[in-house]
Amino acid sequence: MRITVAGAGNVGLVTAVCLADAGHQVTCVDTQKEKIEMLEKGHSPFFEPGLEPLLEKTLSNGKLRFTTNPKLAYSDAEIIFIAVGTPAKKDGSADLSYIYAVSYSIANNIENNVIVCTKSTVPVGTNDEIKQIFQYGKPRHLKVDVVANPEFLREGSAIMDFYLGDRIIVGADNPEAAAIMEQLYLPLKIPIIVTDIRSAEMIKYASNAFLATKISFINEIANLCEKVGANIDEVAYGVGKDKRIGESFLQAGIGYGGSCFPKDTKALVQLAGNVKHPFELLESVIKVNQHQHSLLVVKAKEMMDSLKGKKAAILGLAFKPETDDIREAASITIIRELLEEGATVTAYDPIAIPNAHKLFGNSIEYTTNIRQALKDADFAIIATEWEQIKHLPLDTFAVCMKEPIVLDGRNCYCIKDIQRYPITYVSIGRPVISKVKPMSIK
Ligand SMILES: NC(=O)c1ccc[n+]([C@@H]2O[C@H](COP(=O)([O-])OP(=O)(O)OC[C@H]3O[C@@H](n4cnc5c(N)ncnc54)[C@H](O)[C@@H]3O)[C@@H](O)[C@H]2O)c1
Ligand SMILES: O=c1ccn([C@@H]2O[C@H](COP(=O)(O)OP(=O)(O)O[C@H]3O[C@H](CO)[C@@H](O)[C@H](O)[C@H]3O)[C@@H](O)[C@H]2O)c(=O)[nH]1
């Protein structure tokens with residue numbers, strides 16, 4: 001099929017590349033000229049495992065092309081995916097300006113009947129507004145079907161998620177359009193659920209809100225474990241074994257970040273507020289997460305009285321491993337608060353430094369070498385569970401740091417292993433290990 005994807009971000013680019021790899025003729029359009037020039041040369045503007053080889057392959061076999069020209073992109077497409085950003089506005093509601101702009105651009109440039117399929121996460125009712133734009137804005141003789149097709153990929157495993165997702169949601173009010181979308185996705189052998197448009201929109205928000213709730217819940221249990229002498233590792237394992245609860249998303253830590261959970265939970269609270277339905281549960285989930293982002297700075301202050309003049313090593317900047325994305329990462333809150341306290345910061349990350357530099361400039365130091373970050377540090381905070389950090393020989397802390405005080409926001413190490421080293425170790429929901437333990441204890 002002739003497919004156009006609007007937006008070459010995490011969702012749009014992955015969708016475009018994977019559909020081109022499946023044999024479709026794909027055009028990916030973006031308004032950012034620099035991004036498109038980079039992509040035409042086979043370079044991805046962001047890190048996503050496995051993306052660049054597929055990008056190079058589909059560019060060289062002619063299945064994928066990039067453009068900034070809306071006429072070229074939309075005029076003869078059979079399906080157009082909208083995958084532009086829907087960032088949070090100041091009040092938490094979703095900013096739909098990119099959605100509207102791209103819809104007008106499509107309406108002005110189509111020359112064939114087309115299915116417009118919204119992959120972006122949009123509040124319930126948005127696709128009805130998109131339909132209105134087409135009703136009044138498109139050439140009269142053309143037919144445009146609007147379909148809601150929310151995306152569930154995760155950064156860091158986006159390609160795998162495209163091929164092995166749990167389900168595909170197709171929200172449509174025209175069965176013919178739904179059938180064409182089902183046909184498109186059939187080769188993936190992923191269960192396809194066809195719903196009405198508003199339900200499809202809600203499924204996306206409800207899924208992210210539920211996962212965020214699971215994380216905040218386990219974090220609250222972890223905080224409680226610390227106070228009553230239980231261990232969150234054992235608790236989460238025991239709880240997760242109940243199939244009705246499930247083992248995933250019970251990893252306690254310093255809270256969720258990224259481009260989706262923080263904005264989508266806030267947008268759902270706003271959406272509920274608009275219909276006079278206070279979503280108190282989700283408001284608490286958001287509050288717990290904010291508290292969790294700051295937790296280790298509070299603990300560091302308690303341990304050291306004042307952080308003024310102390311050298312902090314921050315291990316990990318990305319909101320999770322296998323991505324260079326730092327949007328809403330816990331590391332941002334931690335670094336800001338440490339700088340406010342008068343500490344100096346050296347941050348380690350294998351790939352997210354360019355993005356962090358855009359935010360923090362020269363107010364902190366950066367390194368891609370963990371030992372360099374730890375050198376002469378008064379304390380270290382682990383903010384991302386990169387494999388490089390998880391597999392660090394544990395004597396490194398004592399060897400490199402001025403004071404081997406490690407605050408681990410991602411519970412990277414086994415408590416039993418840590419006990420063998422002269423480290424003060426504070427993690428989430430587990431016993432505090434004091435450095436008085438000698439190395440010889442096995
Ligand atoms: N990032 C994720 O993991 C993820 C997963 C599922 C769903 N989503 C949702 O998908 C949407 C896109 O997210 P993202 O992370 O890919 O966003 P992004 O910000 O990384 O990329 C959006 C792209 O759209 C482009 N764009 C803006 N206006 C345009 C226009 N008129 N025409 C063409 N391109 C235009 C931007 O230049 C940008 O490159 C959001 O609604 C998000 O909530 C994201
Ligand atoms: O048990 C857990 C699991 C995750 N996290 C944190 O939660 C955040 C989000 O993680 P993850 O869901 O793996 O990454 P995203 O790429 O943000 O993906 C989420 O957001 C996307 C955008 O909407 C959806 O498409 C995905 O289905 C949804 O998982 C990260 O900061 C993780 O550190 C935890 O703290 N504990």
Side-chain angles (χ1 to χ4, degrees), residues 214-242 245 247-256 288-305 307 310 312-316 320-321 330-331 333-334 337-338 370 374 377-387 389-442:
K214 233 177 150 183
I215 297 170
S216 277
F217 181 83
I218 204 67
N219 285 338
E220 277 288 66
I221 295 289
N223 297 340
L224 197 53
C225 280
E226 285 175 20
K227 294 198 166 141
V228 298
N231 182 330
I232 192 64
D233 294 347
E234 320 241 340
V235 173
Y237 183 75
V239 169
K241 277 291 167 197
D242 185 326
I245 295 171
E247 292 174 21
S248 62
F249 278 72
L250 291 181
Q251 179 62 50
I254 44 173
Y256 60 78
V288 167
N289 196 58
Q290 283 161 351
H291 172 259
Q292 216 65 13
H293 277 199
S294 300
L295 192 66
L296 291 184
V297 178
V298 173
K299 289 192 186 212
K301 263 163 70 181
E302 277 167 13
M303 287 168 76
M304 286 167 263
D305 288 335
L307 301 179
K310 301 264 190 219
I314 301 302
L315 303 188
K320 68 179 215 177
S331 64
T333 307
I334 292 169
E337 291 182 1
L338 289 176
I370 300 180
L374 292 173
D378 292 291
F379 65 102
I381 294 183
I382 299 176
T384 319
E385 65 276 34
W386 282 105
E387 287 298 314
I389 298 170
K390 280 161 71 173
H391 295 124
L392 192 68
L394 289 174
D395 60 358
T396 313
F397 294 110
V399 170
C400 296
M401 296 175 73
K402 190 167 150 201
E403 284 289 330
I405 298 174
V406 180
L407 298 110
D408 181 357
R410 299 294 175 190
N411 290 0
C412 287
Y413 309 117
C414 174
I415 289 281
K416 277 194 188 134
D417 292 341
I418 283 283
Q419 276 172 336
R420 298 163 53 206
Y421 294 87
I423 306 171
T424 296
Y425 182 73
V426 175
S427 51
I428 309 292
R430 309 190 299 174
V432 172
I433 306 298
S434 155
K435 70 174 171 184
V436 288
K437 296 261 181 197
M439 274 184 87
S440 54
I441 294 180
K442 298 244 162 159

List the steps and the verdict of side-chain contact (heavy atoms from CB on, under 4.5 Å) for L374 and L392.
CA-CA 12 Å; L374 292 173; L392 192 68; 4.2 Å; yes

For [X] and [Y], which heavy atoms make the closest approach, and how far apart are they?
{"X": "S294", "Y": "T333", "answer": "OG-CG2, 3.8 Å"}
{"X": "N219", "Y": "G253", "answer": "OD1-N, 2.8 Å"}
{"X": "L250", "Y": "G240", "answer": "CD1-CA, 3.7 Å"}
{"X": "A312", "Y": "L338", "answer": "CB-CD1, 3.8 Å"}
{"X": "A230", "Y": "V235", "answer": "CB-CG2, 4.4 Å"}
{"X": "G316", "Y": "S331", "answer": "O-CB, 3.7 Å"}

Quick one: does [X]'s side chain get under 4.5 Å of [Y]'s, heavy atoms only?
{"X": "I428", "Y": "L296", "answer": "yes"}
{"X": "L394", "Y": "R420", "answer": "no"}
{"X": "Y413", "Y": "Y421", "answer": "no"}
{"X": "E234", "Y": "C225", "answer": "no"}

Counting distance only, does the side-chain N/O of H293 pair as donor-acceptor with the main-chain N or O of Y256 below 3.5 Å?
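It does hold such a pair.
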
Flag, side chain of K214 to backbone of I245, donor-acceptor distance under 3.5 Å
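It does hold such a pair.
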
Output a table of donor-acceptor pairs, distance under 3.5 Å, between side-chain atoms of residues 398-410 and any protein atom two or more places apart or on a different chain; print 'none' if there are none.
{"unit_1": "K402", "atom_1": "NZ", "unit_2": "D378", "atom_2": "OD1", "d": "3.4"}
{"unit_1": "E403", "atom_1": "OE1", "unit_2": "K435", "atom_2": "NZ", "d": "2.9"}
{"unit_1": "D408", "atom_1": "OD1", "unit_2": "R410", "atom_2": "N", "d": "2.9"}
{"unit_1": "D408", "atom_1": "OD1", "unit_2": "N411", "atom_2": "N", "d": "3.0"}
{"unit_1": "D408", "atom_1": "OD1", "unit_2": "C412", "atom_2": "N", "d": "3.4"}
{"unit_1": "D408", "atom_1": "OD2", "unit_2": "C412", "atom_2": "N", "d": "2.5"}
{"unit_1": "D408", "atom_1": "OD2", "unit_2": "Y425", "atom_2": "OH", "d": "2.5"}
{"unit_1": "R410", "atom_1": "NE", "unit_2": "A383", "atom_2": "O", "d": "3.0"}
{"unit_1": "R410", "atom_1": "NH1", "unit_2": "G255", "atom_2": "O", "d": "3.2"}
{"unit_1": "R410", "atom_1": "NH2", "unit_2": "G255", "atom_2": "O", "d": "3.1"}

Check this for me: K301, atom NZ, are more than 12 non-hydrogen atoms of other residues, nucleotides or ligands nearer than 6.0 Å?
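No, because the 6.0 Å sphere around NZ of K301 holds 12 heavy atoms or fewer from other groups.
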
To the nearest 0.5 Å, what is the distance between [atom1] ([X]) and [atom2] ([Y])?
{"X": "R430", "Y": "C414", "atom1": "CZ", "atom2": "SG", "answer": "7.5 Å"}
{"X": "I389", "Y": "E387", "atom1": "CD1", "atom2": "CD", "answer": "10.0 Å"}
{"X": "L315", "Y": "I370", "atom1": "CG", "atom2": "CD1", "answer": "6.0 Å"}
{"X": "Q292", "Y": "I254", "atom1": "CD", "atom2": "CD1", "answer": "8.5 Å"}

Option among V298, T424, V432 that satisfies the side-chain contact (heavy atoms from CB on, under 4.5 Å) test with M303:
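Only one of V298, T424, V432 forms a side-chain contact (heavy atoms from CB on, under 4.5 Å) with M303, namely T424.
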
If the condition is ring pair (Phe, Tyr, Trp, His ring centres under 6.0 Å), which residues does F379 pass it with, not counting sequence neighbours?
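F379 satisfies ring pair (Phe, Tyr, Trp, His ring centres under 6.0 Å) with no residue once adjacent residues are dropped.
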
Would I221 and V239 satisfy side-chain contact (heavy atoms from CB on, under 4.5 Å), going step by step from the backbone distance to the final call?
CA-CA 11 Å; I221 295 289; V239 169; over 6 Å; no

Qualifying salt bridge (Lys or Arg N to Asp or Glu O under 4.0 Å) pairs, either residue in residues 220-232, two or more places apart
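Passing the test, one end in residues 220-232: E226-K299.
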
Decide yes or no on side-chain contact (heavy atoms from CB on, under 4.5 Å) for I382 and S427, but give the supporting numbers first.
CA-CA 9 Å; I382 299 176; S427 51; over 6 Å; no

